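So the structure is just underneath, and the comments pick up after that.
Letters A, B, ... mirror the listed sequences (proteins, then strands); counts begin at 1. Model, not experiment: these values are computed from the prediction.
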Amino acid sequence: MPEVTYREAVRDALTHALRTDERVFLMGEDIGEMGGSMGVTQGLLDEFGPKRIRNTPISEMAIVGTGIGSAMQGMRPVVEIMYEDFLTLSMEQLVNQAAKHRTMSGGQVSVPLTIRTQGGAGWSPGAQHAQQLEAWFVHVPGLKVVFASTPADVRGLLWASIQDENPVLFFEHRTLYPIKGEVPDELEPIPLGRARIHREGEDVTVVATGRLVHEALEAAEAAEQEGISVEVVDPRTLQPLDEETILESVRKTTRCVTAHEAVTRGGFGAELAAVVQHGAFDWLDAPIERVGAKFGPLPFAPALEQWVVPHAADVLDAVRRTVARA
Amino acid sequence: MPEVTYREAVRDALTHALRTDERVFLMGEDIGEMGGSMGVTQGLLDEFGPKRIRNTPISEMAIVGTGIGSAMQGMRPVVEIMYEDFLTLSMEQLVNQAAKHRTMSGGQVSVPLTIRTQGGAGWSPGAQHAQQLEAWFVHVPGLKVVFASTPADVRGLLWASIQDENPVLFFEHRTLYPIKGEVPDELEPIPLGRARIHREGEDVTVVATGRLVHEALEAAEAAEQEGISVEVVDPRTLQPLDEETILESVRKTTRCVTAHEAVTRGGFGAELAAVVQHGAFDWLDAPIERVGAKFGPLPFAPALEQWVVPHAADVLDAVRRTVARA
Amino acid sequence: MATVEEKAGSGGRRVSEEVLKGFFREMLLIRRFEEKVEERFRAGELPGFLHVAIGQEAAATGVCAALERDDVIASTHRAHAHAIAKGTPVERIMAELYGKVEGCSRGYGGSMHLYDVAVGNLGANAVVAGGIPGIVGAALAFQMRGEPRVAVAFFGDGATNTGTFHESLNLAQLWKVPAVFSLENNGWAESTPARQQLPLPVDELAKRALAYGMKTIEADGQDVEAVYLAALAAREHAVAGKGPVLVHLRTHRLTGHYVGDPQVYRDKDELRRERETKDPIELLRARLELSESELETIDAAATAEVTAAVEFAKAGTDPPPEDALKYVYA
Amino acid sequence: MATVEEKAGSGGRRVSEEVLKGFFREMLLIRRFEEKVEERFRAGELPGFLHVAIGQEAAATGVCAALERDDVIASTHRAHAHAIAKGTPVERIMAELYGKVEGCSRGYGGSMHLYDVAVGNLGANAVVAGGIPGIVGAALAFQMRGEPRVAVAFFGDGATNTGTFHESLNLAQLWKVPAVFSLENNGWAESTPARQQLPLPVDELAKRALAYGMKTIEADGQDVEAVYLAALAAREHAVAGKGPVLVHLRTHRLTGHYVGDPQVYRDKDELRRERETKDPIELLRARLELSESELETIDAAATAEVTAAVEFAKAGTDPPPEDALKYVYA
Ligand SMILES: Cc1ncc(C[n+]2csc(CCOP(=O)(O)OP(=O)(O)O)c2C)c(N)n1
Ligand SMILES: Cc1ncc(C[n+]2csc(CCOP(=O)(O)OP(=O)(O)O)c2C)c(N)n1
Ligand SMILES: [Mg+2]
Ligand SMILES: [Mg+2]
């Protein structure tokens, strides 16, 4: 099993898709010569040329909409929105068009479009380059939502997303690009809708996404020292959600913590908590604790930023709180 | 106490604001001669003239942004977005600008802007004129979010929102405009952040918003016949949220149902469930049940639409389920 | 829809009387359809929110006649005329308005979401300008695959105020995709007249294209021949790879914005004058010098087709409620 | 910033040498500031994401010099020059880049969110075009209250591709608000050259305004006098109630898009040529025929100010973490 970075894993999936399916093409700002603002698409212009690796103007609405129209005509566009903060500019096309064409047409059309985007704090980007907005899209029927946390997952899930007949919002986390991990020799799609159990444990289940998967794993190590056994589950696809795997885990451990970088209020952790309290009510020995960013726009100064966004220590605290209830 | 419609109550608050505060002005599509697509602003152009009642082009981004800029310069704009589905077009300004200017400037500027909008199903509008999107904004620190369900509430809350120093997303429900209710003789602001207990009860708390408040009240009547005593609480402001009132109620009744018209998945009910399971864990005798629309874009045909969106019967079913757990 | 033969009949800058008569039949069919919609709405039979295109029949007819069956369109809230002109049988449109499974969107769309992919209608949109970017994408697909097809977006003057319009035309011109932007400028956005929503004189709205260096073609939107020839020229330009075209059609909305609109905001005399002088069907009828009996024959056929459509629709099947989520995901 | 006296010195179409020297001092201060930013970033002292305006000093200086203190601006991700030119002391800007309480946004904003309401800087924006609609709103407030003030939006060529730009200019022209749209056209959006992002020839970008019938004024963005006079004329037009103005400034980005950008996408020879021939500071220096010693004096002052700013910033106070949510709500 080769070891690659998360960045290389994304690129690998894109390369594979471009090589094996001529309907696939990429659109986005600065994805050509520059290779994308995160360097993900480096080298693709050379291999696939400017017709399939398309630099676009700063027109988030139009490029998503163009993706939709070309997808409806049989292409497999992969659109990159440079920062997920800029998804705000294409909400109309994502929410009213991509997600609804199929229902509104009575099943006549599909929109096999993948929207890749990234974001996240940890590098003092300020308030407009760091939001984690995945929860919004989970509230939009017709969309699928993926948030991958490891090289192997991001590769397999992206390949599955591109092959999916539905519009998929595909979230990457800015600070994960350099992390390394093993990936299978052969690129296999990872089916959407299946959670991954990263670590088995007996006392508490932490359901985490994105960067917080790694913070949760770190917290689990620390908890181990204290004699607390933590299971870490990453849903990986938020829509469709693998409720069964999560519920089974919580029924086993009887405690649950949710963890993401997005602000807690109204975040995906709320949906997880609602699902878990409902499906594991009779098993739960403690209230579900939610870990997320504190409720404010991200301030610039590093000390402020670090205080706002959650880290392993916050997960560990939450784990301890649930165990203390026993 | 005079009786007025919800529509008149909104108009009354606007009229009062325009009369008593010269910084207040209105912008929106067709709010002038036509009086708004819902007739809410009828007559205002005659009284206040075209400088303060401003018909705009179809430019949701620019009118919200113009509201932001004028608010930062000391005005008190009230912007109408004709259908909340079109909020998707102004998300950038709402989320990245209005909500963040204060933090990003280190407190130098405020954005006292009110965004009125309306939506909701029940009249076969199809998928793009019926969404309930309030949950998104609860996930955005810096915004306040109001959703009023009665004439008295909509009047007092709108007046409070216009006076508020922060950007407020103010949701009205399309099917509520004709309903009648008593309002106080004098228009007093209703402070944001205070829930209203519509009906006291002993067995189950239903936390409902918008149209579902009325459905919940109807369900409560029906439950009464079955010997189930239902308390109905309307948070009225979703941000800030009056957690205490809700938790106190659930600690008393030991059961909780959430109800809104928005799709259940990722909706405001998820946040409520997360808060309630956490704050009333030791009191809860049954899992919290969530009532909301089924997970699909709203289909056009009336029979399909009715099946997708929730009604009193759905609330009643949920109430019965929680009680059955005892 | 004009066939290839009919197009050949256009002989450069004129259209044969036979073709014009075909246009007349179609425009009258649209008119009778729209009138029936108004009537059935008043009768309380039609759910939802309806917008008719009375006064704008020439625009829909002329543009769609210039298209091939493989070409695609996206329409707006004012969708019936475009759907009929692109070739969907009126009975399937009427069934859609009644929310029936036999409808062109199987009852899931409604008046503002008429789809018929088989004839190239990619859907009508209830969000102003919402369909325009998709058309750029369809055109891009045709361009990338080297297919000799064009994609056409219909929209109104009000839509030109949206950011979506701007980004779409800009991108289309940058990439020179085979798209045609058909601007039906009726001088109104709901109740808002041109002077309250457009910073340009209403007759000069083609200037929007100057911001992109895009080719424009102007035509009197009440003159179906002019519309047809303009659209034909636009299609040829686009399909030849020369880039997209903005077709500016000055037209007139001879009714309210939506069915039931009391139009309190509109000068009644002016509206009467417009109805008397700007009706595209009356103008074409006069030009064709149709005899009373010829007119009656055509009208009877249109009326019969529309009446049959209502019967078809009413006899249609209500979708089973449990199927509401059938098409959410593929 | 030019004072009223200085403006009087402009004598119609020319600017006095004294005023030009003032501009020179400011432009050199900006340049030394930006160079210091690059240096301190490389030294690992500056967190976050930084964009310098090296090559574009004349645009910021000339436009802001034409403004009164009561006039307001909104800036972009490339914000330092605008903030300096509008009158915020460099030490407060530098302190912001270091994330200190003494910073012009109290350490909450960072390089892309420099605010200083006291001098009329309503904030820089990290979303391309994100600040433009707010400027329309500020101008509307001035108009409604009858205040003789203008609001100025800075933005680049890339921003003209956004829907936000379109809706804002359209609305501004419709309502004739006293706004000035200052387009710094450097022919790049990050790595994307004009030909890949603009459907118009790069030098003809003022044509964007034709879509609104908006007045445009063109100036060589490397010639601070031309910029100043253009902005002065634009301000006069806007403040007189004649409507907004698009000021098109052709300029050159003589560095990478962001600090640290290796510019793999850019022709190195061309960049060298641009640096040699298009540097606005060199151009002004040659025109003013500054003596070596005069130049040294000015440079020493600028360098000293910037060095002091770094010291001020480093000695500043880190905001207490618990204050992170202090300004979320009023
Ligand atoms: C984005 C958006 N904003 C507002 C509306 C409400 N609305 C529906 S039609 C319309 C006017 C459209 O005017 P125009 O584009 O000229 O088309 P016309 O109705 O004249 O055919 C408006 C404002 C909408 N549907 N979508
Ligand atoms: C809406 C949006 N899309 C993309 C970006 C990423 N981005 C930052 S600067 C930039 C290029 C801006 O070009 P231009 O407006 O010409 O300004 P310049 O950098 O040349 O000064 C891009 C694409 C952004 N900040 N906002
Ligand atoms: Mg119109
Ligand atoms: Mg640029």
If only atom types and distance count, is the side chain of A:Ser59 paired as donor or acceptor with the main-chain N or O of D:Asn161 below 3.5 Å?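 The answer is yes, because a donor-acceptor pair under 3.5 Å joins these two groups.
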
Does A:Asp30 offer a backbone N or O that forms a donor-acceptor pair with the side chain of D:Glu190 under 3.5 Å?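 Not a single qualifying donor-acceptor pair exists.
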
Taking C-beta and beyond as the side chain, do [X] and [Y] meet within less than 4.5 Å on heavy atoms?
{"X": "D:Gln197", "Y": "A:Glu29", "answer": "no"}
{"X": "D:Ser111", "Y": "A:Phe300", "answer": "no"}
{"X": "A:Pro297", "Y": "D:Val328", "answer": "yes"}

Of all the heavy-atom pairs spanning [X] and [Y], show the shortest one and how long it is.
{"X": "D:Leu325", "Y": "A:Lys294", "answer": "CD1-CB, 4.1 Å"}
{"X": "D:Ala159", "Y": "A:Ile58", "answer": "N-CD1, 4.4 Å"}
{"X": "A:Glu33", "Y": "D:Tyr265", "answer": "CB-CB, 3.7 Å"}

Against chain A, label [X] side chain, backbone, both or neither, depending on which of its atoms sit under 4.5 Å from a heavy atom there.
{"X": "D:Thr164", "value": "side chain"}
{"X": "D:Tyr327", "value": "neither"}
{"X": "D:Asn125", "value": "both"}
{"X": "D:Val127", "value": "both"}
{"X": "D:Pro320", "value": "backbone"}
{"X": "D:Leu97", "value": "backbone"}

Best-contacting candidate, [options], against chain D by heavy atom pairs under 4.5 angstrom:
{"options": "A:Gly32, A:Gly35, A:Pro57", "result": "A:Pro57"}
{"options": "A:Leu89, A:Thr56, A:Leu304", "result": "A:Leu304"}
{"options": "A:Tyr83, A:Phe86, A:Trp123", "result": "A:Trp123"}

Determine whether more than 12 heavy atoms belonging to other residues, nucleotides or ligands lie under 6.0 Å from atom CD of A:Glu22.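 No, CD of A:Glu22 has 12 or fewer neighbouring heavy atoms, counting only those of other groups under 6.0 Å.
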
Is A:Lys51 atom NZ crowded by more than 12 heavy atoms from other residues, nucleotides or ligands, each under 6.0 Å away?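 No, because the 6.0 Å sphere around NZ of A:Lys51 holds 12 heavy atoms or fewer from other groups.
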
Measure the NE2-NE2 distance between D:His113 and A:His129 for me, rounded to the nearest 0.5 Å.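 Going from NE2 on D:His113 over to NE2 on A:His129, the span is 7.5 Å.
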
At what distance, to the nearest 0.5 angstrom, does CG of D:Asp261 lie from OG of A:Ser37?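 Interatomic distance, D:Asp261 CG to A:Ser37 OG, rounded to 0.5 Å: 11.0 Å.
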
Among D:Pro321, D:Ala129, D:Gly109, D:Gly99, which residue has the highest count of heavy-atom pairs closer than 4.5 Å to chain A?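 Highest number of heavy-atom pairs under 4.5 Å: D:Pro321.
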
With only heavy atoms counted, which part of A:Pro302 is less than 4.5 Å from chain D, the side chain, the backbone, both or neither?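 A:Pro302 touches chain D through side-chain heavy atoms alone.
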
In terms of the angle between their ring planes, are D:Tyr329 and A:Phe295 parallel, tilted or perpendicular, with boundaries placed at 30° and 60°?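 Ring orientation of D:Tyr329 relative to A:Phe295: parallel.
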
